[in-house]
2 protein chains.
Amino acid sequence: MSSKCAECVFKSKAASKLTFEQLGHLAENCASVTLKKGSVLMQQGALSSNIAYLKKGLAKIHIKGPYHEQIIKIIKAPEYLGLPNTFGDKINNYSATVLEDSEVCFIDIDTFKYLLANNEKFAYEIILSLCNNELGSFKKCATRTQKQIRGNVADVLLDMSNRVYDSDDFEIPISREEIANLIDKSRESVSRVLSEFEKDGILKISGKKIEILDKEKLKLIFETG
Amino acid sequence: MSSKCAECVFKSKAASKLTFEQLGHLAENCASVTLKKGSVLMQQGALSSNIAYLKKGLAKIHIKGPYHEQIIKIIKAPEYLGLPNTFGDKINNYSATVLEDSEVCFIDIDTFKYLLANNEKFAYEIILSLCNNELGSFKKCATRTQKQIRGNVADVLLDMSNRVYDSDDFEIPISREEIANLIDKSRESVSRVLSEFEKDGILKISGKKIEILDKEKLKLIFETG
DNA sequence: TTTAATTTGTGAAATATATCACAAAATTAT
DNA sequence: ATAATTTTGTGATATATTTCACAAATTAAA
(Lines give C-alpha, C1' and ligand atoms only; values in the text may rest on other atoms or scores of the structure.)
Protein backbone atom coordinates (compact mmCIF):
# COMPACT_ATOMS: atom_id res chain seq x y z
CA MET A 1 0.00 0.00 0.00
CA SER A 2 1.32 3.39 -0.94
CA SER A 3 2.06 5.82 1.84
CA LYS A 4 2.40 8.90 -0.32
CA CYS A 5 -0.71 10.56 1.12
CA ALA A 6 0.32 9.63 4.65
CA GLU A 7 3.61 11.38 4.07
CA CYS A 8 2.23 14.33 2.16
CA VAL A 9 3.49 17.64 3.52
CA PHE A 10 0.40 19.41 2.25
CA LYS A 11 -2.07 17.09 3.95
CA SER A 12 -5.42 18.77 4.59
CA LYS A 13 -6.90 19.10 8.05
CA ALA A 14 -9.61 16.67 6.97
CA ALA A 15 -7.08 14.14 5.66
CA SER A 16 -5.18 14.27 8.93
CA LYS A 17 -8.23 12.61 10.51
CA LEU A 18 -7.88 9.56 8.27
CA THR A 19 -6.44 6.27 9.45
CA PHE A 20 -3.25 4.93 7.93
CA GLU A 21 -5.28 2.42 5.93
CA GLN A 22 -7.61 5.10 4.65
CA LEU A 23 -4.66 7.25 3.62
CA GLY A 24 -3.30 4.26 1.73
CA HIS A 25 -6.60 3.82 -0.02
CA LEU A 26 -6.61 7.51 -0.87
CA ALA A 27 -3.06 7.30 -2.22
CA GLU A 28 -4.10 4.57 -4.62
CA ASN A 29 -6.98 6.60 -5.95
CA CYS A 30 -5.59 10.02 -6.39
CA ALA A 31 -3.22 11.60 -8.85
CA SER A 32 -0.95 14.48 -8.04
CA VAL A 33 -0.25 16.90 -10.86
CA THR A 34 1.82 20.03 -11.27
CA LEU A 35 -0.11 22.63 -13.23
CA LYS A 36 1.31 25.59 -15.08
CA LYS A 37 -0.12 29.04 -14.50
CA GLY A 38 -3.29 29.44 -16.52
CA SER A 39 -4.20 25.75 -16.61
CA VAL A 40 -7.86 24.96 -16.22
CA LEU A 41 -8.32 22.22 -13.70
CA MET A 42 -12.06 22.07 -13.80
CA GLN A 43 -14.13 23.13 -16.78
CA GLN A 44 -17.68 24.41 -16.51
CA GLY A 45 -19.96 22.19 -18.55
CA ALA A 46 -17.75 19.09 -18.39
CA LEU A 47 -18.81 15.99 -16.49
CA SER A 48 -17.81 16.27 -12.89
CA SER A 49 -15.69 13.25 -12.12
CA ASN A 50 -13.15 14.27 -9.55
CA ILE A 51 -12.59 16.24 -6.43
CA ALA A 52 -9.55 18.45 -6.69
CA TYR A 53 -7.35 19.27 -3.76
CA LEU A 54 -5.27 22.37 -4.31
CA LYS A 55 -2.13 21.37 -2.41
CA LYS A 56 0.02 24.31 -3.30
CA GLY A 57 -0.60 27.46 -5.28
CA LEU A 58 -3.46 29.74 -6.14
CA ALA A 59 -6.62 29.34 -8.19
CA LYS A 60 -9.69 31.24 -9.26
CA ILE A 61 -13.23 29.90 -9.35
CA HIS A 62 -15.10 31.38 -12.26
CA ILE A 63 -18.39 31.03 -14.01
CA LYS A 64 -19.72 32.11 -17.39
CA GLY A 65 -22.17 34.90 -16.82
CA PRO A 66 -24.72 36.17 -19.30
CA TYR A 67 -22.27 38.79 -20.57
CA HIS A 68 -18.83 38.07 -19.31
CA GLU A 69 -16.82 35.73 -17.19
CA GLN A 70 -17.47 36.22 -13.51
CA ILE A 71 -14.78 35.43 -10.97
CA ILE A 72 -16.41 34.07 -7.85
CA LYS A 73 -13.38 33.88 -5.63
CA ILE A 74 -9.65 33.47 -5.35
CA ILE A 75 -8.61 30.32 -3.55
CA LYS A 76 -5.32 29.85 -1.81
CA ALA A 77 -3.95 26.40 -1.08
CA PRO A 78 -4.60 24.22 0.79
CA GLU A 79 -8.23 23.72 -0.08
CA TYR A 80 -10.58 21.28 -1.73
CA LEU A 81 -12.07 22.52 -4.97
CA GLY A 82 -15.10 21.29 -6.74
CA LEU A 83 -17.13 19.67 -4.00
CA PRO A 84 -20.23 21.58 -5.04
CA ASN A 85 -19.51 20.58 -8.63
CA THR A 86 -19.22 16.90 -7.87
CA PHE A 87 -21.92 16.61 -5.25
CA GLY A 88 -24.28 19.23 -6.52
CA ASP A 89 -24.72 18.21 -10.12
CA LYS A 90 -23.59 15.78 -12.82
CA ILE A 91 -21.80 18.48 -14.74
CA ASN A 92 -19.49 21.19 -13.53
CA ASN A 93 -21.29 24.39 -12.72
CA TYR A 94 -18.12 26.43 -12.60
CA SER A 95 -14.53 26.40 -13.76
CA ALA A 96 -11.33 26.53 -11.77
CA THR A 97 -8.07 27.86 -13.18
CA VAL A 98 -4.70 28.12 -11.46
CA LEU A 99 -3.23 31.61 -11.24
CA GLU A 100 0.32 30.48 -10.58
CA ASP A 101 2.18 27.19 -11.00
CA SER A 102 0.35 24.93 -8.60
CA GLU A 103 0.09 21.40 -7.35
CA VAL A 104 -3.24 19.67 -7.42
CA CYS A 105 -4.41 16.20 -6.41
CA PHE A 106 -7.32 14.79 -8.33
CA ILE A 107 -9.25 12.44 -6.10
CA ASP A 108 -11.60 9.83 -7.40
CA ILE A 109 -15.13 10.73 -6.40
CA ASP A 110 -16.04 7.25 -5.15
CA THR A 111 -12.98 7.17 -2.97
CA PHE A 112 -13.91 10.53 -1.56
CA LYS A 113 -17.44 9.30 -0.87
CA TYR A 114 -16.04 6.17 0.75
CA LEU A 115 -13.92 8.29 3.08
CA LEU A 116 -16.89 10.51 3.93
CA ALA A 117 -18.98 7.45 4.75
CA ASN A 118 -16.31 5.69 6.80
CA ASN A 119 -14.67 8.42 8.77
CA GLU A 120 -16.98 10.77 10.57
CA LYS A 121 -14.17 13.12 11.56
CA PHE A 122 -13.17 13.50 7.95
CA ALA A 123 -16.78 14.18 7.00
CA TYR A 124 -17.08 16.66 9.84
CA GLU A 125 -14.07 18.64 8.63
CA ILE A 126 -15.55 18.74 5.15
CA ILE A 127 -18.83 20.00 6.55
CA LEU A 128 -16.97 22.69 8.47
CA SER A 129 -15.22 23.90 5.37
CA LEU A 130 -18.45 23.93 3.34
CA CYS A 131 -20.10 25.97 6.07
CA ASN A 132 -17.24 28.42 6.07
CA ASN A 133 -17.52 28.75 2.32
CA GLU A 134 -21.15 29.61 2.66
CA LEU A 135 -20.46 32.23 5.30
CA GLY A 136 -17.82 33.69 3.04
CA SER A 137 -20.20 33.96 0.14
CA PHE A 138 -22.82 35.62 2.33
CA LYS A 139 -20.33 38.22 3.45
CA LYS A 140 -19.12 38.80 -0.06
CA CYS A 141 -22.72 39.24 -1.11
CA ALA A 142 -23.20 42.02 1.41
CA THR A 143 -19.96 43.89 0.84
CA ARG A 144 -19.54 43.62 -2.90
CA THR A 145 -22.95 44.95 -3.66
CA GLN A 146 -23.21 47.67 -1.07
CA LYS A 147 -19.94 49.34 -1.73
CA GLN A 148 -18.90 51.31 -4.68
CA ILE A 149 -15.91 50.80 -6.80
CA ARG A 150 -13.26 52.34 -4.54
CA GLY A 151 -14.41 50.19 -1.62
CA ASN A 152 -14.40 47.08 -3.76
CA VAL A 153 -10.95 47.68 -5.19
CA ALA A 154 -9.66 48.33 -1.68
CA ASP A 155 -11.26 45.06 -0.62
CA VAL A 156 -9.45 43.09 -3.32
CA LEU A 157 -6.12 44.71 -2.50
CA LEU A 158 -6.49 44.09 1.23
CA ASP A 159 -7.49 40.49 0.58
CA MET A 160 -4.40 39.97 -1.56
CA SER A 161 -2.23 41.57 1.04
CA ASN A 162 -3.71 39.90 4.12
CA ARG A 163 -5.01 36.53 3.07
CA VAL A 164 -3.11 35.63 -0.08
CA TYR A 165 0.41 37.05 0.21
CA ASP A 166 0.67 38.15 3.81
CA SER A 167 2.68 41.13 2.62
CA ASP A 168 2.10 44.75 1.61
CA ASP A 169 4.24 44.27 -1.45
CA PHE A 170 3.10 41.73 -3.98
CA GLU A 171 2.58 40.95 -7.62
CA ILE A 172 -1.13 40.78 -8.24
CA PRO A 173 -1.90 37.46 -9.96
CA ILE A 174 -4.80 38.73 -12.02
CA SER A 175 -5.22 41.31 -14.75
CA ARG A 176 -7.15 44.56 -14.41
CA GLU A 177 -9.94 42.94 -16.33
CA GLU A 178 -10.03 40.03 -13.89
CA ILE A 179 -10.12 42.42 -10.95
CA ALA A 180 -13.09 44.01 -12.67
CA ASN A 181 -14.79 40.63 -13.12
CA LEU A 182 -14.21 39.87 -9.47
CA ILE A 183 -15.95 43.03 -8.27
CA ASP A 184 -18.44 43.39 -11.13
CA LYS A 185 -17.14 46.64 -12.44
CA SER A 186 -15.63 47.62 -15.77
CA ARG A 187 -11.94 47.27 -16.52
CA GLU A 188 -11.65 50.99 -17.22
CA SER A 189 -13.14 51.96 -13.89
CA VAL A 190 -10.75 49.67 -12.06
CA SER A 191 -7.84 51.25 -13.92
CA ARG A 192 -9.00 54.70 -12.98
CA VAL A 193 -9.38 53.85 -9.31
CA LEU A 194 -5.95 52.25 -9.20
CA SER A 195 -4.43 55.38 -10.75
CA GLU A 196 -6.30 57.50 -8.26
CA PHE A 197 -4.99 55.43 -5.34
CA GLU A 198 -1.47 55.87 -6.67
CA LYS A 199 -1.95 59.61 -7.07
CA ASP A 200 -3.20 59.78 -3.48
CA GLY A 201 -0.09 58.00 -2.24
CA ILE A 202 -1.94 54.91 -1.11
CA LEU A 203 -0.25 52.59 -3.60
CA LYS A 204 2.90 52.29 -5.59
CA ILE A 205 2.08 50.54 -8.85
CA SER A 206 4.31 49.20 -11.54
CA GLY A 207 2.35 46.93 -13.84
CA LYS A 208 1.25 43.97 -11.75
CA LYS A 209 3.59 44.87 -8.90
CA ILE A 210 1.69 46.62 -6.17
CA GLU A 211 2.96 48.04 -2.94
CA ILE A 212 0.56 49.25 -0.31
CA LEU A 213 2.01 52.45 1.14
CA ASP A 214 -0.88 53.55 3.31
CA LYS A 215 -2.79 50.55 4.56
CA GLU A 216 -4.81 52.54 7.07
CA LYS A 217 -6.17 54.80 4.37
CA LEU A 218 -6.97 51.74 2.25
CA LYS A 219 -8.85 50.16 5.16
CA LEU A 220 -10.75 53.38 5.65
CA ILE A 221 -11.76 53.38 2.00
CA PHE A 222 -12.85 49.77 2.32
CA GLU A 223 -14.91 50.51 5.40
CA THR A 224 -16.55 53.68 4.23
CA GLY A 225 -17.35 52.23 0.82
CA MET B 1 -38.57 7.24 23.85
CA SER B 2 -40.58 9.77 21.92
CA SER B 3 -41.48 8.94 18.37
CA LYS B 4 -42.54 12.41 17.34
CA CYS B 5 -39.66 12.85 14.89
CA ALA B 6 -40.18 9.36 13.50
CA GLU B 7 -43.77 10.24 12.76
CA CYS B 8 -43.12 13.77 11.56
CA VAL B 9 -44.82 14.46 8.23
CA PHE B 10 -42.23 17.08 7.40
CA LYS B 11 -39.24 14.83 7.94
CA SER B 12 -36.19 15.95 5.96
CA LYS B 13 -34.50 13.72 3.43
CA ALA B 14 -31.51 13.60 5.76
CA ALA B 15 -33.65 12.63 8.76
CA SER B 16 -35.23 9.81 6.78
CA LYS B 17 -31.80 8.16 6.83
CA LEU B 18 -31.80 8.00 10.62
CA THR B 19 -32.53 4.83 12.57
CA PHE B 20 -35.55 4.62 14.81
CA GLU B 21 -33.29 5.04 17.84
CA GLN B 22 -31.59 8.06 16.36
CA LEU B 23 -34.96 9.63 15.58
CA GLY B 24 -35.93 9.06 19.19
CA HIS B 25 -32.77 10.75 20.35
CA LEU B 26 -33.50 13.63 18.00
CA ALA B 27 -37.07 13.92 19.32
CA GLU B 28 -35.77 14.32 22.85
CA ASN B 29 -33.44 17.11 21.85
CA CYS B 30 -35.47 19.25 19.57
CA ALA B 31 -38.30 21.68 20.06
CA SER B 32 -40.96 22.37 17.50
CA VAL B 33 -42.34 25.89 17.43
CA THR B 34 -44.96 27.70 15.43
CA LEU B 35 -43.74 31.15 14.47
CA LYS B 36 -45.82 34.09 13.43
CA LYS B 37 -44.97 35.98 10.26
CA GLY B 38 -42.14 38.37 10.96
CA SER B 39 -40.59 36.39 13.81
CA VAL B 40 -36.83 36.29 13.89
CA LEU B 41 -35.66 32.75 14.42
CA MET B 42 -31.98 33.44 14.29
CA GLN B 43 -30.41 36.76 15.13
CA GLN B 44 -27.15 37.98 13.68
CA GLY B 45 -24.70 38.65 16.50
CA ALA B 46 -26.29 36.25 18.98
CA LEU B 47 -24.53 33.09 20.12
CA SER B 48 -25.23 30.28 17.72
CA SER B 49 -26.69 27.50 19.77
CA ASN B 50 -29.14 25.63 17.59
CA ILE B 51 -29.73 24.30 14.16
CA ALA B 52 -33.14 25.27 12.87
CA TYR B 53 -35.17 23.08 10.60
CA LEU B 54 -37.81 25.01 8.71
CA LYS B 55 -40.52 22.36 8.55
CA LYS B 56 -43.25 24.41 7.00
CA GLY B 57 -43.37 27.95 5.74
CA LEU B 58 -41.06 30.52 4.25
CA ALA B 59 -38.09 32.46 5.57
CA LYS B 60 -35.52 35.00 4.51
CA ILE B 61 -31.83 34.90 5.31
CA HIS B 62 -30.53 38.40 5.82
CA ILE B 63 -27.42 40.16 6.93
CA LYS B 64 -26.61 43.67 8.09
CA GLY B 65 -24.65 45.35 5.35
CA PRO B 66 -22.59 48.51 5.72
CA TYR B 67 -25.56 50.64 4.68
CA HIS B 68 -28.70 48.61 4.75
CA GLU B 69 -30.08 45.18 5.38
CA GLN B 70 -29.20 42.73 2.65
CA ILE B 71 -31.46 39.79 1.90
CA ILE B 72 -29.32 36.85 0.88
CA LYS B 73 -32.06 34.45 -0.11
CA ILE B 74 -35.60 33.30 0.35
CA ILE B 75 -35.89 29.81 1.76
CA LYS B 76 -38.88 27.57 1.31
CA ALA B 77 -39.51 24.67 3.66
CA PRO B 78 -38.32 22.03 4.13
CA GLU B 79 -34.77 23.08 4.77
CA TYR B 80 -32.17 23.31 7.50
CA LEU B 81 -31.22 26.85 8.42
CA GLY B 82 -28.19 28.04 10.21
CA LEU B 83 -25.68 25.31 9.62
CA PRO B 84 -23.08 27.83 8.50
CA ASN B 85 -23.93 29.88 11.57
CA THR B 86 -23.48 27.01 13.99
CA PHE B 87 -20.54 25.31 12.36
CA GLY B 88 -18.80 28.31 10.90
CA ASP B 89 -18.53 30.57 13.93
CA LYS B 90 -19.46 30.98 17.58
CA ILE B 91 -21.88 33.77 16.85
CA ASN B 92 -24.51 34.04 14.17
CA ASN B 93 -23.25 35.69 11.03
CA TYR B 94 -26.71 36.24 9.64
CA SER B 95 -30.34 36.47 10.68
CA ALA B 96 -33.32 34.41 9.60
CA THR B 97 -36.87 35.72 9.72
CA VAL B 98 -40.04 33.91 8.71
CA LEU B 99 -42.10 35.57 5.99
CA GLU B 100 -45.32 33.71 6.74
CA ASP B 101 -46.60 31.73 9.71
CA SER B 102 -44.17 28.84 9.84
CA GLU B 103 -43.15 25.79 11.80
CA VAL B 104 -39.60 25.42 12.91
CA CYS B 105 -37.72 22.77 14.87
CA PHE B 106 -34.81 23.94 16.93
CA ILE B 107 -32.30 21.14 17.21
CA ASP B 108 -29.63 21.01 19.86
CA ILE B 109 -26.25 21.42 18.22
CA ASP B 110 -24.63 18.53 20.09
CA THR B 111 -27.41 16.22 19.05
CA PHE B 112 -26.96 17.32 15.48
CA LYS B 113 -23.23 16.69 15.71
CA TYR B 114 -23.89 13.29 17.26
CA LEU B 115 -26.12 12.37 14.34
CA LEU B 116 -23.55 13.58 11.83
CA ALA B 117 -20.88 11.48 13.51
CA ASN B 118 -22.98 8.36 13.83
CA ASN B 119 -24.91 8.16 10.63
CA GLU B 120 -22.92 8.61 7.46
CA LYS B 121 -26.00 8.73 5.27
CA PHE B 122 -27.37 11.58 7.31
CA ALA B 123 -24.04 13.38 7.06
CA TYR B 124 -23.93 12.74 3.35
CA GLU B 125 -27.35 14.32 2.83
CA ILE B 126 -26.24 17.35 4.78
CA ILE B 127 -23.12 17.62 2.64
CA LEU B 128 -25.27 17.39 -0.48
CA SER B 129 -27.47 20.21 0.67
CA LEU B 130 -24.50 22.40 1.63
CA CYS B 131 -23.01 21.80 -1.81
CA ASN B 132 -26.26 22.77 -3.46
CA ASN B 133 -26.37 25.93 -1.41
CA GLU B 134 -22.94 26.86 -2.59
CA LEU B 135 -23.85 26.25 -6.23
CA GLY B 136 -26.91 28.41 -5.72
CA SER B 137 -24.89 31.26 -4.32
CA PHE B 138 -22.43 31.03 -7.22
CA LYS B 139 -25.23 31.27 -9.71
CA LYS B 140 -26.83 34.13 -7.87
CA CYS B 141 -23.49 35.86 -7.86
CA ALA B 142 -23.29 35.66 -11.64
CA THR B 143 -26.85 36.66 -12.45
CA ARG B 144 -27.55 39.33 -9.87
CA THR B 145 -24.52 41.36 -10.71
CA GLN B 146 -24.51 41.05 -14.47
CA LYS B 147 -28.08 41.99 -15.07
CA GLN B 148 -29.71 45.27 -14.66
CA ILE B 149 -32.75 46.06 -12.70
CA ARG B 150 -35.40 44.72 -15.11
CA GLY B 151 -33.62 41.38 -15.36
CA ASN B 152 -33.26 41.16 -11.61
CA VAL B 153 -36.88 42.00 -10.89
CA ALA B 154 -37.93 39.42 -13.49
CA ASP B 155 -35.67 36.91 -11.75
CA VAL B 156 -37.34 37.49 -8.39
CA LEU B 157 -40.82 37.21 -9.88
CA LEU B 158 -39.99 34.01 -11.76
CA ASP B 159 -38.42 32.52 -8.65
CA MET B 160 -41.56 33.30 -6.64
CA SER B 161 -43.72 31.83 -9.34
CA ASN B 162 -41.68 28.71 -10.08
CA ARG B 163 -39.90 27.75 -6.91
CA VAL B 164 -41.89 29.28 -4.09
CA TYR B 165 -45.55 29.28 -5.10
CA ASP B 166 -45.69 27.09 -8.18
CA SER B 167 -48.29 29.44 -9.58
CA ASP B 168 -48.46 32.52 -11.80
CA ASP B 169 -50.77 34.17 -9.36
CA PHE B 170 -49.43 34.82 -5.89
CA GLU B 171 -49.13 37.27 -3.07
CA ILE B 172 -45.53 38.34 -2.84
CA PRO B 173 -44.34 37.82 0.76
CA ILE B 174 -41.92 40.73 0.81
CA SER B 175 -42.24 44.48 0.51
CA ARG B 176 -40.92 46.53 -2.40
CA GLU B 177 -38.06 47.57 -0.17
CA GLU B 178 -37.23 43.95 0.55
CA ILE B 179 -37.28 43.12 -3.16
CA ALA B 180 -34.82 45.98 -3.55
CA ASN B 181 -32.60 44.60 -0.79
CA LEU B 182 -32.67 41.20 -2.41
CA ILE B 183 -31.42 42.51 -5.76
CA ASP B 184 -29.34 45.41 -4.47
CA LYS B 185 -31.31 48.15 -6.04
CA SER B 186 -33.29 51.05 -4.62
CA ARG B 187 -36.92 50.72 -3.60
CA GLU B 188 -37.94 53.46 -6.01
CA SER B 189 -36.34 51.74 -8.96
CA VAL B 190 -38.09 48.49 -8.13
CA SER B 191 -41.40 50.33 -7.95
CA ARG B 192 -40.80 51.92 -11.31
CA VAL B 193 -39.91 48.61 -12.98
CA LEU B 194 -42.97 46.93 -11.53
CA SER B 195 -45.17 49.74 -12.86
CA GLU B 196 -43.48 49.44 -16.22
CA PHE B 197 -44.12 45.69 -16.33
CA GLU B 198 -47.77 46.32 -15.56
CA LYS B 199 -48.01 48.98 -18.24
CA ASP B 200 -46.48 46.53 -20.72
CA GLY B 201 -49.10 43.92 -19.88
CA ILE B 202 -46.62 41.51 -18.32
CA LEU B 203 -48.07 41.71 -14.83
CA LYS B 204 -51.31 42.50 -13.10
CA ILE B 205 -50.49 44.12 -9.78
CA SER B 206 -52.68 44.99 -6.85
CA GLY B 207 -50.56 45.76 -3.83
CA LYS B 208 -48.77 42.56 -2.93
CA LYS B 209 -50.96 40.46 -5.22
CA ILE B 210 -49.15 39.75 -8.43
CA GLU B 211 -50.35 37.86 -11.44
CA ILE B 212 -47.96 37.01 -14.24
CA LEU B 213 -49.84 37.55 -17.49
CA ASP B 214 -46.99 37.08 -19.95
CA LYS B 215 -44.46 34.65 -18.56
CA GLU B 216 -42.59 34.28 -21.85
CA LYS B 217 -41.94 37.98 -22.01
CA LEU B 218 -40.81 37.94 -18.39
CA LYS B 219 -38.41 35.07 -19.13
CA LEU B 220 -37.07 36.99 -22.08
CA ILE B 221 -36.43 40.02 -19.90
CA PHE B 222 -34.70 37.80 -17.36
CA GLU B 223 -32.51 36.24 -20.04
CA THR B 224 -31.59 39.38 -21.90
CA GLY B 225 -30.92 41.28 -18.70
C1' DT C 1 14.95 41.24 -32.69
C1' DT C 2 11.09 42.58 -34.82
C1' DT C 3 6.28 41.99 -35.31
C1' DA C 4 1.94 40.90 -33.66
C1' DA C 5 -1.27 40.55 -30.02
C1' DT C 6 -2.83 41.66 -25.68
C1' DT C 7 -3.28 44.50 -21.72
C1' DT C 8 -3.63 48.95 -19.79
C1' DG C 9 -4.60 54.10 -19.02
C1' DT C 10 -7.39 58.04 -19.77
C1' DG C 11 -10.60 61.53 -21.75
C1' DA C 12 -15.39 62.60 -23.26
C1' DA C 13 -20.03 61.33 -23.77
C1' DA C 14 -23.89 58.29 -22.69
C1' DT C 15 -26.71 55.96 -19.44
C1' DA C 16 -28.69 53.47 -15.69
C1' DT C 17 -29.76 53.97 -11.21
C1' DA C 18 -29.87 56.56 -6.83
C1' DT C 19 -31.49 60.23 -4.28
C1' DC C 20 -34.69 63.71 -2.94
C1' DA C 21 -39.24 65.24 -2.45
C1' DC C 22 -43.88 64.62 -1.72
C1' DA C 23 -48.52 62.76 -2.28
C1' DA C 24 -51.42 58.64 -2.34
C1' DA C 25 -52.43 54.22 -0.57
C1' DA C 26 -52.39 50.70 2.64
C1' DT C 27 -51.64 48.90 7.02
C1' DT C 28 -51.56 49.12 12.03
C1' DA C 29 -52.70 51.07 16.38
C1' DT C 30 -55.93 53.49 19.32
C1' DA D 1 -63.94 54.13 13.04
C1' DT D 2 -60.33 57.29 13.25
C1' DA D 3 -55.79 58.55 13.74
C1' DA D 4 -51.06 57.40 13.16
C1' DT D 5 -47.61 54.97 10.86
C1' DT D 6 -45.64 52.62 7.27
C1' DT D 7 -45.41 51.40 2.55
C1' DT D 8 -45.66 52.68 -2.13
C1' DG D 9 -45.62 55.39 -6.68
C1' DT D 10 -43.68 58.88 -9.47
C1' DG D 11 -41.39 63.11 -11.17
C1' DA D 12 -37.05 65.84 -11.34
C1' DT D 13 -32.31 66.02 -10.55
C1' DA D 14 -27.81 64.27 -9.28
C1' DT D 15 -24.23 60.98 -9.77
C1' DA D 16 -21.46 56.88 -10.31
C1' DT D 17 -20.16 53.95 -13.60
C1' DT D 18 -20.20 52.27 -18.33
C1' DT D 19 -19.19 52.66 -22.93
C1' DC D 20 -16.54 54.24 -26.76
C1' DA D 21 -12.32 55.60 -28.70
C1' DC D 22 -7.60 55.54 -29.11
C1' DA D 23 -2.74 55.72 -27.73
C1' DA D 24 0.82 53.77 -24.77
C1' DA D 25 2.82 49.96 -22.68
C1' DT D 26 3.54 45.40 -21.98
C1' DT D 27 3.79 40.54 -23.25
C1' DA D 28 3.92 36.78 -26.56
C1' DA D 29 5.08 35.04 -31.07
C1' DA D 30 7.71 34.60 -35.33
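Just so it is clear, the values below take in all heavy atoms, side chains as well, and ignore hydrogens, waters and symmetry mates. The structure presented is a predicted model; accordingly, all values stated were derived computationally and were not measured. Lettering follows sequence order; numbering is per chain, from 1.
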Grab the [atom1]-[atom2] distance between [X] and [N] for me, whole Å please.
{"X": "Lys37(B)", "N": "dT27(C)", "atom1": "NZ", "atom2": "P", "result": "9 Å"}
{"X": "Tyr67(B)", "N": "dT19(C)", "atom1": "OH", "atom2": "P", "result": "10 Å"}
{"X": "Arg176(A)", "N": "dA24(D)", "atom1": "CZ", "atom2": "C1'", "result": "14 Å"}
{"X": "Glu177(A)", "N": "dG9(C)", "atom1": "CD", "atom2": "P", "result": "12 Å"}
{"X": "Ile205(A)", "N": "dT26(D)", "atom1": "CD1", "atom2": "C1'", "result": "15 Å"}
{"X": "Glu178(B)", "N": "dT6(D)", "atom1": "CD", "atom2": "C1'", "result": "13 Å"}
{"X": "Lys199(A)", "N": "dG9(C)", "atom1": "NZ", "atom2": "P", "result": "15 Å"}
{"X": "Ile174(A)", "N": "dT26(D)", "atom1": "CD1", "atom2": "C1'", "result": "18 Å"}

Problem - Lys147(A) to Phe222(A) six-membered ring, cation-pi geometry met (6.0 Å, 45°) - result: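 Judged by the rule (NZ or CZ under 6.0 Å from the ring centre, within 45° of its axis), Lys147(A) counts as positioned above Phe222(A).
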Practice task
Please state whether the phosphate of dT8(D), meaning OP1 or OP2, lies under 4.0 angstrom from any side-chain nitrogen or oxygen of Ser175(B).
Solution key: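 Yes, because at least one side-chain N or O of Ser175(B) sits under 4.0 Å from OP1 or OP2 of dT8(D).
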Handout entry: Distance below 4.0 Å between Lys208(A) side-chain N/O and dT8(C) OP1 or OP2
Key =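 Yes, Lys208(A) has a side-chain N/O under 4.0 Å of OP1/OP2 on dT8(C).
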Exercise for the section: Quantify the bending of the helix from dT1(C)-dA30(D) to dT30(C)-dA1(D) as the angle between its end axes, each fitted on five pairs, to 10°. Expected result: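 About 60°, once rounded to a multiple of 10°.
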Handout entry: Nearest-0.5 Å distance that lies between atom OH in Tyr165(A) and atom CE in Met160(A)
Key =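 The CE atom of Met160(A) is 6.5 Å from OH of Tyr165(A), to the nearest 0.5 Å.
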Problem - Lys209(B), NZ: over 12 other non-hydrogen atoms inside 6.0 angstrom - result: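 No, because the 6.0 Å sphere around NZ of Lys209(B) holds 12 heavy atoms or fewer from other groups.
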Any donor and acceptor pair, going by atom type alone, linking the side chain of [X] with main-chain N or O of [Y] inside 3.5 Å?
{"X": "Ser48(A)", "Y": "Lys90(A)", "value": "yes"}
{"X": "Asn93(B)", "Y": "Ile91(B)", "value": "yes"}
{"X": "Asp155(B)", "Y": "Gly151(B)", "value": "no"}

Practice task
Please work out which of the three classes, parallel, tilted or perpendicular, describes the rings of Tyr80(B) and Tyr53(B), given edges at 30° and 60°.
Solution key: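 Rings of Tyr53(B) and Tyr80(B): tilted, 30 to 60°.
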Practice task
Hey, can you tell me if Phe87(A) and Phe112(A) have their rings parallel, tilted or perpendicular (30° and 60° cut-offs)?
Solution key: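 Plane angle between 30° and 60°, so tilted.
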Just the atom pairs and distances: protein N or O near nucleotides 11-19 of chain D's N or O, under 3.5 Å.
from: dG11(D); atom 1: N7; to: Arg192(B); atom 2: NH1; distance (Å): 3.0
from: dT17(D); atom 1: OP1; to: Ile149(A); atom 2: N; distance (Å): 2.9
from: dT18(D); atom 1: OP1; to: Ser186(A); atom 2: N; distance (Å): 3.0
from: dT18(D); atom 1: OP2; to: Ser186(A); atom 2: N; distance (Å): 3.2
from: dT18(D); atom 1: OP2; to: Ser186(A); atom 2: OG; distance (Å): 3.0
from: dT18(D); atom 1: OP2; to: Ser189(A); atom 2: OG; distance (Å): 2.4
from: dT19(D); atom 1: O4; to: Arg192(A); atom 2: NH2; distance (Å): 2.8

Exercise for the section: Check Lys55(B) against Cys8(B) and note the closest heavy-atom contact, atom names and distance. Expected result: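 So the minimum-distance heavy-atom pair works out to CD-SG, 3.9 Å.
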